[in-house]
Each structure stands twice: as structure tokens, then as C-alpha cells.
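Working notes for the structure below.
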There are 2 protein chains.
Amino acid sequence: MAELIKFESTVSFLLAKVSTAFRNSLERRMGEIGLHGGQIFVLFELWKKDGQRQIDLAKKLDIAAPTINKMIKGLIDVNLVERARYDDDGRSTRIFLTPLGITMRPQIEAQWLELEEYCLSCLNETERMILFNILNKLRSNYTGRPDPEDGE
Amino acid sequence: MAELIKFESTVSFLLAKVSTAFRNSLERRMGEIGLHGGQIFVLFELWKKDGQRQIDLAKKLDIAAPTINKMIKGLIDVNLVERARYDDDGRSTRIFLTPLGITMRPQIEAQWLELEEYCLSCLNETERMILFNILNKLRSNYTGRPDPEDGE
DNA sequence: TAAAGATTATTAGCCTGCTAATCAAAATTA
DNA sequence: TAATTTTGATTAGCAGGCTAATAATCTTTA
């Protein structure tokens, strides 16, 4: 006779729940400043390096080509980025920040820090560090992308 | 002049990345046995108590009414559950497991444990326990729903 | 009883993920 | 050069989240 699992006792169960809850918080917080949850990650990459191709953004964000395409559409709709074609390659488009996309950076970053504080308010400094390290391990395990200090 | 954040250094950043990666793993693993990622949580609640109303399932799973509605549609499509109306309340529908929904339980649970093992393969036993406890705190923080031992 | 309010399910539509399929352009190879 | 393959962007369509709006059924209240 098969053992019946206690789903609530698995880490995956909790991870799924926290994942969904976090995504909702992210969406709500970013909605307060007129953004959607996923868009901030695109902006983050463009702030590091403007004018990247869609395919390169997708690779850095670990998302598929159609996903980045839709995200960029949304960002264009709210006038945060724009597309530009170059003569050197007729296939690709380069994504550039608009002036608004540049000037909104501090506001978006402040909102991000608020989200961070809200999410982690139940954890002390030690727990936060531990969680950070464990999540880093999980991320490497999933994506094969090691800790930040390895560069890209 | 505004301080520029290092996004990668925030826990929220890693949590977002791990969330997405986990959801992808979940979808892939469950796809192997003909299911989708979210459906397992509905089944899990029905295994605990069959014949629940949609609204009650939604509350227990912390999801919105339209979401549970779509999920149940999908489960009906693959013949794992079915709807039934009762005379006592013409508004609500009760969701019941089909024979397949009952007999597939061990297979689904085995797949779940495989996912668990895959996700956590980079963590030792201590780290898993620590992660479990921290995730539990985060979950309470988000949903106001405390640890399992508090009952429902 | 009749009217007003609350509850349940559903539809429409959006964002974030995905895969599969297309199309155009570039690169490679015969 | 010509044919083939690869690459980059896009569209269509699906699942899982959401909110807002409807419709139908209870429940409550006047």
C-alpha cells in the first residue's frame, strides 16, 4: 500500500506557495508606480547596458524569446523603452531606454527596496543572509548560472 | 545623487528568479505524467476532502475565483474531476474526483517527490530544514496563514 | 411579500511564463 | 554563385495568476 504524502511537509510545496505570493506582491507594488512585475527585470538589464538585442536580454533573464518580446511591447506602450534597427543586422532590434526610462530609475529602485523590506519583514538579518545563500544555491542548481561574482 | 541599487544583492531578486525556475520545473515534471503545474494543488485539496465547492478550494489555495475555475476546467478535460450541482444551493458546484483522479494519486505523489529531490539536490539536510522554516515564515507573512500545525 | 444585498460561478481581458510554427535576414557550405 | 542552415523576431495559443463585470441564486431586511 502506497504511503500517502503530506504535501505540506515538502519544501517544494512551500516554495510554490511563496512563489505565487511573492509574484502577487511584486505585481501589486510595481502597479503602484504604473509598472508590471516582469518589466523591472528588463529595465534592470538595460540600466546595466543600454541598446541590447531582445535575444541577449532573454538569455540574461533566463526567459524565452516570445516572453521578452511581449514584455518589451508593454514597456514601449508606457514609453519606457523603444526599438531601433541597425544596418549591421536586419534581423535584430536594439532596445533603448527612453528619457523616462532613465529618469524613473530612482523611483523604481525605491519601490523595489520597499518590496524587499515588506517581503522580509518577518526575518532577522541572519535569516536573510541564510535565505540569500540558499536561494543562490537553488538558482545555480536550476539555471546552471553560478553566483554573481562569476560574472556573465 | 541617488544610490544605485545592486539588484542582484537583494533577496527579492533571487526569490523572483528561483520562483520562475521552480514553476518551470514543476510544469515540466508534471507534464511528464500529463498534468499541469497548478492542477496538483487542487487534487491535493480534493484528496483531503472530496466534493468541495470552487470557492472553498480557492480560499484554501489562496487563489482567485476565476483561477480555480480555469484549473477545474483543465482537470475536467483530462477526466480527473467532475462537477456536480446540489439542490441545497443553486449557485455553487461541488467538485468530485473521478476514479482516475483517485487512482492516479500514488503516481502523482511519486512525481512530486522526484521534483522535491531534484529541486533540493544541492542542499544538505540541515539547509533543507532551515529553508523550510524560513519559507514557512514568509508564507505566514504573505498570507496571514500560520504554520500547518495551527490547523484550518 | 418585495426589495435590497450578499454570494457563487463565469466571462473577458491583461501580464508572465512556455512551445510550436513562420518569416526574413545572415551565415555557411557545396 | 546557389542552396542550405542558422539566427532573431514575431504570432498563435496555452496555463496560471490577477481584476472587473455579469448573471444567477440565496439571504436578509424593510
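Naming convention: chains lettered A, B, ... in sequence-line order (proteins, then strands); numbering from 1 in each chain. Hydrogens, waters and symmetry mates play no part in the numbers below; they use all other heavy atoms, side chains included.
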Between [N] atom [atom2] and [X] atom [atom1], what is the distance in whole Å?
X	N	atom1	atom2	result
B:Ile55	C:dT10	CD1	P	11 Å
A:Met30	C:dC15	CE	C1'	15 Å
A:Tyr86	C:dA26	OH	P	16 Å
B:Ile40	D:dG16	CD1	P	12 Å
B:Arg85	C:dA9	CZ	P	8 Å
A:Arg23	C:dT16	CZ	P	8 Å
B:Arg94	C:dA9	CZ	P	9 Å
A:Asp62	C:dT16	CG	P	16 Å

ask   = Heavy atom of residues 68-82 of chain B under 4.0 Å from DNA chain D: which residues?
value = B:Lys70, B:Met71
Indicate whether any N or O donor in one side chain lies under 3.5 Å from an N or O acceptor in the other, for [X] and [Y].
X	Y	value
B:Gln54	B:Arg83	yes
A:Ser12	B:Trp112	no
B:Asn141	A:Ser121	yes

Just checking [X]: base, sugar-phosphate only, or nothing, at a heavy-atom cut-off of under 4.0 Å?
X	result
A:Arg53	sugar-phosphate
B:Gln39	sugar-phosphate
B:Thr67	base

key: Salt bridge flag under 4.0 Å for residues B:Glu109 and A:Lys6   = no
query = Under a 4.0 Å N-O cut-off, is there an ion pair linking A:Asp88 with A:Arg94?
reply = yes
query = Do A:Leu14 and B:Leu138 come within less than 4.5 Å of each other through their side chains, counting heavy atoms only?
reply = no
query = Toward the 5' end of DNA chain C, which comes first, B:Asn24 or A:His36, by nearest nucleotide?
reply = A:His36
Upstream residue (5' side of DNA chain C) when B:Gln54 and A:Ala65 are each assigned their closest nucleotide = B:Gln54
query = Taking the inter-plane angle between the rings of B:Phe7 and A:Phe44 on a 0 to 90° scale, is it parallel (under 30°), tilted (30 to 60°) or perpendicular (over 60°)?
reply = tilted
Which nucleotide in [options] has an atom nearest any side-chain atom of [X]:
X	options	answer
B:Ser92	D:dC18, D:dA12, C:dT8	C:dT8
B:Ala64	D:dC18, C:dC18, C:dA26	D:dC18
B:Arg91	D:dA12, D:dG16, D:dT25	D:dT25

task = Let me know, please, whether A:Asp89 or B:Asp88 comes out on the 5' side of the other along DNA chain D by nearest nucleotide.
result = A:Asp89
